[in-house]
Structure formats: C-alpha cells, structure tokens
Amino acid sequence: MKCRRCAQPAAYNMRQHKLALCGDHYIEWFRQQTARTLHKYRMFTPEERVLVAVSGGKDSLALWEVLLALGYQADGLYINLGIDGGCDYSAQSQAKSAAFAAAHPAARLIVVDIAATYGETVPEVARRRRKDNRPCAVCGLIKRHEMNRIAHTEGYDVLATGHNLDDEAAVLFGNVLHWQAGYLKRQAPVLPADGEGLARKVKPFCRFYERDTAAYTLLQEIDYIYDECPFSRGATSLRHKETLAQMEHRAPGTKLHFYVGFVKAKQEGLFCLDEDRSSDLHPCTQCGQPTTAPGLCAFCRLWARPGV
Amino acid sequence: MQVTYRDRKWEFDQTMQVRALLKALDILPENVLVVRNGQLVTEDQHLRQGDEVKIVAVVSGG
C-alpha cells in the first residue's frame, strides 16, 4: 500500500476515506482536517484563548499538540481526580500531561487537585454519596463543573475536549437505543456559551476515528498513558464502541456516516425543537454556576455534608 | 517474530501479513494499530522472522 500523495510506503490506511498516507503526509492531513473542522463548525478564532481539557491520554494530548502547531493560544487543564485503581492512575496521567507541557514552551498547564481543593477524592465522594464503587457519574459532574469554573476564572473564551468520533458515535448510539431526546438535542460539535456562565465547549476531533488520533500520537511520538481509567472496565459506552467496531469492520465508514449524518440532520432542524433552555437556568446560590435545580447546583450538593 | 499486545506475548515462525496476524489472534483491525520494529505499518505489510511487533489498542474511555 502506497501513500496517495508521494507513493512512498504508507504508514496508515483509513478505510472510511479510502486513503492511505505515509507518516509525514498523514501528520499534514491530520492537522489540515483539524483546521477544517474548526472552521466548518466555527469553533473558535485565532484571537480567542482556548483551554484544552487534558487527561494524559492520546486524544487530549494530541489535540493540545495540534492546536499549538496550528498557532492557537491553547493552554491545558488537568484535573487530578485522585484515582489510584492499583496503578496510581491519576498520578501517572498527571505526569504525562506535565511532561507534555514541559516539552512545549508555549504551553501552560493548569492543575486542579480535587482532594486538595474540596477535601475528598472523586472515588471517596462517590462512595459517600452513591454508596457504590463506580464513580463515573460523579466524576463527570465534577469534571464539567471544574472545567467551566477554570475557563471562567482564568478568562478563556472556549473549552476544548479531545472527544473523537468513536466517543461521539457511542454516545449517540446509546441515546438512540434509549431515545434520550434531551441528550440528542444537546449532542453537538459545539455547545455554545450561555451568558449566565456556561463556557462554550468544542470537540475539534469529533470527525476523527479513535484509531486516527492514536496513529497521529504514535507518529508524533507523544507519550501518553496507555492504561485506561480503572473504573471504565465494563462501561456501557465501551460495549457500544465494540458493536460499532464490528459494523465498521463489515462496512467501512459506518461510524462516520452515523455521526456526521446526525450532526447534519441537526443542522437541518431535526431534534432542535425547544432548544433554548436558558430560561430554565439560574445561578447556584453557592458557586454561581448555572443550574436548573433550585438553590444549590448538583456539584455543590455533592460536598454539602449535614453536620459538618 | 515476537508479538506483544497489552500484557500478552506470542512467537510466530512464519512470514505473514499484518491482517493475517490480527485474524489469527482474533483482533479487529478497527481496534488496534500495528507497529513493526518501531514503525507504524498498514495491514498489507509482511511480518518476518526477527521482527518485533507491537499491537497497540486504540479504544479508550468509559
């Protein structure tokens, strides 16, 4: 198999695009595609300050690297969740993020340590609140709140995450299986800012397969954490990914058409009824972030301990 | 050739294409990348005696 651009041996083949490229041309293509996605969905401009949520994994570090290479003002935010899982997971992933920042002089890394800031790690607060050992819902809530908080307090215009097409397609698949109309309405490459305190959120890698970002990371020799979050084992989204991978194997491009078709349908008006939720939101009485709940938001309720 | 995937290892004597190796190990090509002697390779490439082959899982998240 030869590179479509230069006829040298290909390093990577994308069956969904019928496109094989050598390492150098793949890196060039990957950056061009990122720039096209930023432009297509009007994610942000070169003048805006971008905060990249980094986990130490391949997608977020690749995103940070590409945005820096494209000349954007991109800083990183790492949230230490205090997950050990027998492999010192949070410490290892923070070390990968810090090593990346140290190797890129233009990059600033902001670190938030949840236990140091709020008194408990994510697994600890999940056990206290939910009485189980699976903290994924609590973890998502904490990360969303902290990403939004830092974006506002540090004056960033936009928050970028490394979600790839496989992540988005798996979520979409689950939401369709259960006809979660509310979630379908809110799933998009760009979630606009709202004047009441929600930062704009963008997913510049939403049209890349997970395999594409992994190939870029390998070719660019970006050192990332290979271990998965120990709490992700057996997660429903991983089962959805496996199902979609089987379909993709038989019919290349299935995942791409599934997700991109959904985004296009939304742009044409599908699932967009009653989109404006701003009237349902008001500031949390403690942190000031928007919430639909009366009084405290869900994040602040996590830390409210009777008698403490 | 020596093949590693996650924390498992295999030895193969015969020359084979990447896609044949993945099929033999029952691994979907969509879920992995294959690195031969430190270089990313496509599914049609041949793996030979003496090659060090690393299969890299790409699926993440939860």
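We use all heavy atoms of the structure for the numbers below, so side chains are in, but hydrogens, waters and symmetry mates are not. Order of the sequence lines sets the chain letters (A, B, ...), proteins ahead of strands, with each chain counted from 1.
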* To do: Examine the side chains of B:N31 and A:E242 and answer whether a donor and an acceptor come within less than 3.5 Å of each other.
  =>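 A:E242 and B:N31 do have a side-chain donor-acceptor pair below 3.5 Å.
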* Under 4.5 Å from any heavy atom of chain A - which part of B:V59 ->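 Both parts, heavy atoms under 4.5 Å.
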* For B:V34, is it the side chain, the backbone, both, or neither that has a heavy atom closer than 4.5 Å to a heavy atom of chain A? ->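 Contact with chain A: none, neither part.
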* Asked: How many angstroms lie between atom CD of B:Q45 and atom CE of A:M1, to the nearest 0.5 angstrom?
  ->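 The CE atom of A:M1 is 8.5 Å from CD of B:Q45, to the nearest 0.5 Å.
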* Given the options B:D44, B:V56, B:V32, which has more heavy-atom pairs under 4.5 Å with chain A than any of the others? ->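 When all of B:D44, B:V56, B:V32 are compared, B:D44 has the most.
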Counting only heavy atoms not in [X], do more than 12 fall under 6.0 Å of its [atom1]?
{"X": "B:Q2", "atom1": "CD", "value": "yes"}
{"X": "A:D88", "atom1": "CG", "value": "yes"}
{"X": "A:E221", "atom1": "CD", "value": "no"}
{"X": "A:Y183", "atom1": "OH", "value": "no"}
{"X": "B:E52", "atom1": "CD", "value": "no"}

* Between A:K58 (side chain) and B:V58 (backbone), is there a donor-acceptor pair under 3.5 Å? ->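 The answer is yes, because a donor-acceptor pair under 3.5 Å joins these two groups.
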Determine the minimum heavy-atom distance between [X] and [Y], stating which atoms define it.
{"X": "B:S60", "Y": "A:L238", "answer": "O-CD2, 3.9 Å"}
{"X": "A:R211", "Y": "B:P29", "answer": "NE-O, 3.1 Å"}
{"X": "A:H249", "Y": "B:L28", "answer": "CG-CD2, 3.5 Å"}
{"X": "A:Y12", "Y": "B:T42", "answer": "N-CG2, 3.6 Å"}

* Electrostatic pair B:E30-A:K255, nearest N-O below 4.0 angstrom ->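 Salt bridge: no.
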Heavy-atom proximity to chain B below 4.5 Å, by part of [X]:
{"X": "A:R15", "result": "side chain"}
{"X": "A:N13", "result": "both"}
{"X": "A:Y226", "result": "side chain"}
{"X": "A:Y224", "result": "side chain"}

* Specify which of A:A11, A:P252, A:A10 makes the most heavy-atom pairs with chain B at under 4.5 Å. =>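 Among the listed options, the one with the most contacts to chain B is A:A11.
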